[in-house]
Amino acid sequence: MAQIKVHEKVLGHLSRGLYRSPASAIRELVSNAWDADASYARVDTNFPNFFQVSVEDDGTGFTREDFKSLMEGGVGNSLKRTTQTTTLLGRPCIGRLGIGLLGIAQICGAFTVISKTASGEGFKARVHLYDLLRERMDNDEGITGEPALKEVPIGEYEFDKNYDLSRRDRGTTVVADDIHPTFSRVFKQSIDPEIFPKYKSPPRDWSNAVKLISKVHSLQEIGDYWRLIWELAASVPVPYLSPKALPEGAIRADQELLQSFGFRVLVDGIALAKPVLLARNKNGYTTTLIPKRTERVYGKNLTYHGYIVVQEGAQLLPDELRGILIRIRNVAVGYYDPTMLDYRFNEGPRSRWLTGEIFVEEGLEDALNIDRDSFNRFHPEYRTVQQHVHGVLRDDVFPRVYKKIGARTQRKSDRRAVKQQGLLQAVLSDAAGSPVKLKRGEAVRGEPPGATVTEAGSHLDVELVKADARGTKKKNQDLAAAVLSIFEIAMREKGRERQRAVFSDALRKLLAEW
Amino acid sequence: MGSFKFEDCPLKHYIRTNAWLPACRRRKGLINPPGAKKSKARKLRYFTFCAAGAIDVLMLDVAGVLRPDGAGRFTSVCFFDKEREDVIETQKRIPGAVGIVGNFTRVVLLDELAHPVGADALAPPSDEPDRRLTRSGQRDAEMQRTFIRQFPFDVINLDLEEFFFKRNDPFPGAVLNSLRKILSWQQRSLPGSIGCLEGFSLMFTTQIGPKELNQEYANLLKNCISSNVARAPDLRAKLKAKTGYDTPETSLEENFESFFRLAVPKAILSVLVEQDWLVDPERGIKLFEIERAREGGTYKMLHAVMDVKRQQPPREQRGPGVVPLELCAAYQKVASDLFSNDVISVSEAIVSGAVSAPDLDKIRARGKKYMNLPETGGNRAAAQTAD
């Protein structure tokens with residue numbers, strides 16, 4: 001049988017357009033820090049200039065030889081899943097070292113890597129990426145090797161022999177300079193209040209920042225700088241703002257786990273937490289936990305758990321929080337999916353109330369697209385997760401939501417009816433010049449629903465047909481009955497002029513507050 | 001972190017606390033006088049070459065002279081650094097400060113006309129290819145524009161740990177030409193159209209030297225003194241008292257350092273006047289000196305501190321060739337004081353006798369607070385060796 005081969009040029013092309021956003025590229029470097037058992041990853045954007053971006057960590061670092069191996073052919077190899085499943089500190093390995101360094105190429109033409117291990121070994125290297133890469137590769141410029149084994153050069157690197165490693169501590173710093181002017185421009189514009197009138201400087205306390213974000217419809221309103229921070233907060237393996245960030249303890253166990261890893265991510269000095277805080281919705285929440293489950297798919301384990309929360313009666317803000325987010329070993333793949341993994345039923349505005357996360361502990365990696373930021377939607381493992389989530393939505397989440405909507409609607413209707421009753425009673429009493437009691441009775445066979453007024457000693461009884469005896473559910477029948485009752489009261493006056501006056505006066509009062 | 005090895009030097013810290021801090025306090029008092037409406041109060045706008053530890057900025061923060069805004073950002077601070085990693089380190093400690101990576105004189109002396117301040121240097125050019133050269137040109141232009149937009153500053157701290165004049169630098173030197181430019185940019189309006197500055201504080205540092213200057217620079221220094229000595233004979237005696245010689249030429253040749261201490265502040269004074277500023281004659285130019293050891297000997301750093309005022313009326317409101325009355329008297333007094341007053345040579349004896357000031361530990365602790373990192377695990381090592 002003949003083999004199917006893919007030309008490695010594809011990888012070179014991808015290196016300059018791997019991710020949808022700078023946050024995804026920076027996230028990969030944060031993932032490297034996590035895998036290196038760092039206690040922090042610090043991102044600095046050179047705010048407010050954005051002329052360089054750096055990611056620094058205090059992890060285990062790597063040696064010159066590691067770097068050399070990575071640069072000279074190791075990047076392609078690093079696309080395969082690492083065999084190491086946990087780090088030395090017991091963190092689930094994310095395992096994308098090379099692709100992380102490559103991903104930064106999306107926003108810069110050169111970067112510097114400085115790394116130092118605990119034993120004091122290390123290096124500083126400068127990496128230049130070739131300009132006009134697509135044209136070079138399309139012309140086979142610089143490509144060497146046999147047709148079956150073509151290597152794709154995408155740049156050059158050089159060690160700084162004079163760098164004094166003693167001036168730094170253990171860890172790794174990647175500084176992306178030769179930042180593309182478009183990147184700098186977009187971010188500078190995003191903090192310009194003349195272009196983004198809603199822009200406010202992000203508070204250094206992230207919980208205050210999340211409160212601000214929860215008042216905008218979309219991150220687009222507040223600009224790309226806010227979006228960058230939010231996207232990083234959503235995607236990196238940091239804890240939530242608190243164990244109560246979601247209702248009914250939906251993330252309590254995950255929060256404990258994330259906190260136990262002791263990993264912080266800072267962006268321009270702001271310590272991040274997951275940007276979701278759902279509390280104090282007046283209609284409450286419908287929370288559905290997806291307990292941990294393991295399924296076998298083509299001989300491999302697929303283990304995951306999660307939650308879905310619906311904010312009853314109120315659209316989630318910002319829009320970017322809507323949908324389902326999948327995390328593989330604590331790192332988000334892409335962003336919240338508002339299609340809810342291609343859910344095929346139209347739930348109308350209810351779908352804008354929904355957010356959820358699926359935490360995949362084992363499996364689903366093979367379903368990742370080459371950008372590692374989206375899924376192959378036809379992969380069996382993805383389909384397995386999707387099918388289960390859709391079942392939860394269809395059989396559990398939305399039925400409960402609709403039931404609650406029904407209950408709320410009924411309560412609202414009841415409250416309105418009580419209020420209308422009170423108003424009618426007051427208007428009729430005022431028109432009649434004596435107290436009025438409203439009664440509800442059955443309809444008279446053969447006659448349209450009307451109103452009957454009878455004297456009952458010190459007050460008048462006004463009887464209207466009960467709503468469920470009218471033979472119609474139209475809401476305007478309540479108003480019609482009220483108008484008829486006013487008519488009956490007015491007709492008790494002497495003289496047409498007086499009747500007309502009482503009727504129109506009472507009708508105006510009723511309609512003013514109905 | 002950080003490439004400035006004298007950040008912890010007690011002599012340098014004396015300069016900070018006894019020269020720079022009082023000048024900044026005074027300037028803050030001038031821009032926000034007691035009794036002025038709070039609604040009109042504004043932050044001190046500060047430019048510096050602080051090293052990675054940002055000690056001078058943090059010192060001003062600890063002293064309450066320069067505080068971050070409500071969001072915890074030092075938005076009124078701008079700094080330059082040649083090293084990318086040092087810009088990162090500095091911005092950790094003074095978040096929100098405008099940090100510009102690059103060579104100061106190179107950025108300042110870029111051709112402004114190629115990318116005027118109003119133009120968008122970062123917009124994709126229509127005809128140039130997306131190559132490194134194109135992109136770096138765009139970034140340089142934007143860096144200059146960004147820097148210009150930060151002007152004017154209430155305090156400019158040109159703490160150049162290098163020579164003012166360099167042998168191989170085309171005359172009259174990048175530093176002098178940069179000084180000219182930034183002094184012209186100082187005439188820009190304050191943001192919010194609240195007018196222009198009436199004055200600012202200037203701190204200037206230079207290494208004394210190099211001794212073997214070429215003829216053009218030697219003449220420049222001599223000319224700085226010659227006109228004064230020619231106009232006021234009593235200054236000749238003062239020149240002799242300072243340098244041991246009563247002519248500029250001989251002073252330069254025989255006692256370079258002493259001559260330098262006179263001539264360079266004079267040169268700065270002249271550049272200020274040229275750019276429509278003048279040194280406040282009441283305070284004059286205060287000079288301090290630090291001597292440091294190096295392989296094979298020592299070298300000296302000269303620190304100058306002065307309050308600067310705009311000439312009145314400003315040039316754009318004067319006729320051609322008209323010299324403000326105040327200027328001549330002020331200039332002569334400041335120049336004469338340079339001849340008369342001593343340079344304070346900062347030694348360990350002076351430092352130990354000085355009034356207590358924000359100490360370095362407290363200042364560093366403030367920086368660590370802004371870094372927002374807990375001292376846990378692997379980061380303990382980083383915290384201990386920081387600064």
Side-chain angles (χ1 to χ4, degrees), chain A residues 37-40 42 44-54 56-60 89 108-110 112 114 118 124 128-132 164 166-171 173 175-186 188-189 200-205 208 262 264 266 268-271, chain B residues 1-3 5 52 68-73 75 83-85 87-89 91-102 120-125 129-143 146-147 370-386:
Chain A
D37 283 330
S39 69
Y40 72 87
R42 188 179 188 110
D44 284 291
T45 67
N46 188 224
F47 174 98
N49 290 339
F50 308 104
F51 291 135
Q52 62 182 37
V53 173
S54 65
E56 173 196 297
D57 68 60
D58 64 345
T60 50
L89 287 183
C108 70
T112 300
I114 306 165
K124 176 178 176 180
H128 288 279
L129 300 159
Y130 291 139
D131 284 326
L132 305 174
D164 178 12
S166 66
R167 56 181 273 205
R168 71 156 291 138
D169 305 305
R170 184 193 85 172
T173 303
V175 183
D177 52 75
D178 189 15
I179 291 282
H180 203 283
T182 300
F183 174 94
S184 304
R185 182 175 186 239
V186 164
K188 283 175 88 119
Q189 285 177 343
K200 282 188 175 71
S201 197
R204 292 193 25 104
D205 180 343
N208 289 336
R264 293 181 90 208
L266 297 98
D268 293 335
I270 302 172
Chain B
M1 71 112 256
S3 52
K5 56 187 178 180
D69 67 9
R73 293 190 173 84
T75 51
E83 298 295 331
R84 295 187 183 286
E85 293 136 60
V87 168
I88 296 166
E89 287 298 319
Q91 286 191 302
K92 282 181 197 172
R93 288 161 177 81
I94 48 171
V98 177
I100 302 179
V101 178
D120 185 355
L122 297 176
D130 186 358
R131 286 186 182 272
R132 184 162 297 119
L133 199 60
T134 310
R135 296 193 298 267
S136 84
Q138 287 181 273
R139 273 194 303 275
D140 284 348
E142 180 61 19
M143 272 197 244
T146 298
F147 185 41
Y370 292 131
M371 285 174 74
N372 201 11
L373 277 179
E375 291 187 27
T376 55
N379 193 46
R380 260 191 216 106
Q384 280 161 8
T385 57

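For the numbers below, each heavy atom of this structure counts, side chains included, while hydrogens, waters and symmetry mates do not. The structure presented is a predicted model; accordingly, all values stated were derived computationally and were not measured. Within every chain, numbering begins at 1; the chains are lettered A, B, ... in the order of the sequence lines, protein sequences first and strands thereafter.
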Quick one: [atom1] on [X] to [atom2] on [Y], what's the gap to the nearest 0.5 Å?
| X | Y | atom1 | atom2 | answer |
| --- | --- | --- | --- | --- |
| B/Asp120 | A/Lys188 | CG | NZ | 9.5 Å |
| B/Lys92 | A/Glu56 | NZ | CD | 3.0 Å |
| B/Arg135 | A/Ser184 | CZ | OG | 11.0 Å |
| B/Met371 | A/Arg42 | CE | CZ | 5.5 Å |

Specify the closest pair of heavy atoms between A/Pro48 and B/Gly96, including all atoms of both residues, with the distance to one decimal.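 It is CD-O, 4.1 Å.
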Non-hydrogen atoms of B/Gly99 and A/Asn46 that approach each other most closely: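 Closest approach of B/Gly99 to A/Asn46, heavy atoms only: O-ND2, 3.2 Å.
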Any side-chain to backbone donor/acceptor pair from B/Arg139 onto A/Ile179? Under 3.5 Å, distance only.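 Looks like yes, one N/O pair under 3.5 Å.
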Report the residues that fulfil side chain to side chain contact (heavy atoms under 4.5 Å, CB included) with B/Val101, sequence neighbours left out, ordered by chain and then residue number.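 Partners of B/Val101 by the side chain to side chain contact (heavy atoms under 4.5 Å, CB included) criterion, ordered by chain and then number, come out as A/Gln52, B/Arg84, B/Val87.
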Looking at side-chain heavy atoms only, is the closest gap between A/Asp268 and B/Arg73 below 4.5 Å?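 No. Closest side-chain heavy atoms not under 4.5 Å.
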Are A/Arg204 and B/Pro95 close enough that some pair of their side-chain heavy atoms sits under 4.5 Å apart?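 Yes, their side chains come closer than 4.5 Å.
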Show the numbers, then the answer: is there a side-chain contact (heavy atoms from CB on, under 4.5 Å) between B/Arg132 and A/His128? CA-CA 10 Å; B/Arg132 184 162 297 119; A/His128 288 279; 3.7 Å; yes
Between B/Ile100, B/Thr134, B/Asp69, B/Val98, which has the largest tally of heavy atom pairs under 4.5 Å with chain A?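 Most heavy-atom pairs under 4.5 Å with chain A: B/Val98.
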Should B/Glu85 and A/Arg168 count as an ion pair when the cut-off is N to O under 4.0 Å?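 Here B/Glu85 does not pair with A/Arg168 in a salt bridge, since their nearest N and O are not under 4.0 Å apart.
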Side chain, backbone, both or neither: which part of B/Ala123 has a non-hydrogen atom closer than 4.5 Å to chain A?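 It is both, since atoms from each part get that close.
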Below 4.5 Å, heavy-atom pairs only: which of A/Asn49, A/Asp44, A/Leu266 has the largest tally toward chain B?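 The option with the most such pairs is A/Asn49.
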Report the C-alpha distance between A/Phe47 and B/Gln91 in whole Å, list the side-chain angles of each, state the deciding distance to 0.1 Å, and finish with yes or no for side-chain contact (heavy atoms from CB on, under 4.5 Å). CA-CA 9 Å; A/Phe47 174 98; B/Gln91 286 191 302; 5.8 Å; no
